[in-house]
Amino acid sequence: DVKVTQSSRYLVKRTGEKVFLECVQDMDHENMFWYRQDPGLGLRLIYFSYDVKMKEKGDIPEGYSVSREKKERFSLILESASTNQTSMYLCASSSPRTDRTYGYTFGSGTRLTVV
Amino acid sequence: EDQVTQSPEALRLQEGESSSLNCSYTVSGLRGLFWYRQDPGKGPEFLFTLYSAGEEKEKERLKATLTKKESFLHITAPKPEDSATYLCAVQPDDYKLSFGAGTTVTVRA
């Protein structure tokens with residue numbers, strides 16, 4: 001019954017490393033999103049994509065990039081990890097056909113620690 | 001700019017002690033207001049969608065209401081399993097949701 005899958009639940013990376021976070025959805029959704037969640041700040045949008053090979057910056061894109069080569073997969077890339085990127089990362093997907101009814105479907109999240 | 005403010009940040013309840021969570025918002029053209037539940041270490045799970053002022057939705061011990069400026073999530077006779085963070089989000093004219101910071105509810109037996 002898993003619908004949005006994030007490849008890792010926990011990751012520990014070193015400062016300066018290039019980090020890849022993967023997200024796959026099986027609902028044929030057009031839209032995919034990457035958020036980070038920090039205590040007291042809520043969910044902040046990093047990047048989103050409304051179609052294959054399309055991407056748009058969210059509210060906090062600095063230090064991140066994304067890739068969407070296939071409809072079901074949306075990858076978040078930390079080009080050079082820094083300690084201030086330690087956070088919970090959430091992937092979500094939606095469809096214009098259903099988003100007004102159900103909003104987004106979220107993955108279980110990846111807890112990233114940069115040391 | 002769309003804004004969503006949730007209060008209180010944290011709520012500690014005794015089992016059976018009813019209470020309400022608030023979500024106030026400013027948005028241009030509200031298409032929908034969503035409530036999600038998030039358990040520790042997990043992603044948010046959908047609870048309700050409200051579309052217009054005066055609308056109400058219920059699910060077990062939870063009831064969500066909507067006015068033109070705010071939404072309330074009422075928890076009636078809560079149980080320990082209702083402990084979670086509750087997130088509110090608004091959907092303006094485009095498809096992107098704007099989220100509040102959440103209210104963390106702890107229900108003690």
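Everything quoted here is computed from the prediction, not taken from an experiment. Quick note on labels: first sequence line is chain A, next is B, and so on, each numbered from 1.
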Chain A contact via B:Leu47 - side chain, backbone, both or neither, heavy atoms under 4.5 Å: neither
Most contacts with chain B, counted as non-hydrogen pairs under 4.5 angstrom, among A:Met88, A:Arg44, A:Gln6, A:Gln37: A:Gln37
Exam field: side chain A:Ser108 to backbone B:Gly43, donor-acceptor pair closer than 3.5 Å: no
B:Val4-B:Leu11 co-clustered via ILVMFWY side chain contacts under 4.5 Å: yes
Over all atoms of both residues, closest heavy-atom pair of A:Phe33 and B:Lys96: CE2-CG, 4.3 Å
Single-linkage hydrophobic cluster A:Leu78~A:Ile60, side-chain heavy atoms < 4.5 angstrom: yes
is_close_aromatic(B:Phe34, A:Tyr102), centroid dist under 6.0 Å: no
Same apolar cluster (I L V M F W Y, side chains within < 4.5 Å links), B:Leu50/B:Leu62: yes
Joint hydrophobic cluster, A:Trp34 plus A:Leu11, side-chain heavy atoms closer than 4.5 Å: yes
Which atoms of B:Glu45 approach chain A - backbone, side chain, both or neither, heavy atom under 4.5 Å: neither
Largest heavy-atom contact set with chain B, pairs under 4.5 Å, which of A:Asn31, A:Leu90, A:Thr101: A:Thr101
B:Glu9, CD: over 12 other non-hydrogen atoms inside 6.0 angstrom: no
Whether A:Arg9 side chain and B:Lys42 backbone form a donor-acceptor pair below 3.5 Å: no
Evaluation steps, ring pair (Phe, Tyr, Trp, His ring centres under 6.0 Å), between B:Tyr36 and A:Phe106: CA-CA 10 Å; B:Tyr36 290 85; A:Phe106 285 89; 5.7 Å; yes
Most chain B-contacting option - heavy-atom pairs closer than 4.5 Å, from A:Cys91, A:Gly42, A:Gly40: A:Gly42
Near-ring test A:Tyr35/B:Phe99, centroid separation under 6.0 angstrom: yes
Contact origin within B:Phe48 toward chain A - heavy atom pairs under 4.5 Å: neither
Linked, directly or transitively: A:Phe48 and B:Val90 (ILVMFWY side chains, under 4.5 Å): no
Exceeds 12 heavy-atom contacts within 6.0 angstrom, atom CZ of A:Arg97: yes
A:Thr105 and B:Phe46: CA distance, side-chain angles, deciding distance, side-chain contact (heavy atoms from CB on, under 4.5 Å) verdict: CA-CA 8 Å; A:Thr105 301; B:Phe46 171 80; over 6 Å; no
Among B:Pro44, B:Ala101, B:Gly41, B:Gly32, residue most engaged with chain A (heavy-atom pairs, under 4.5 Å): B:Pro44
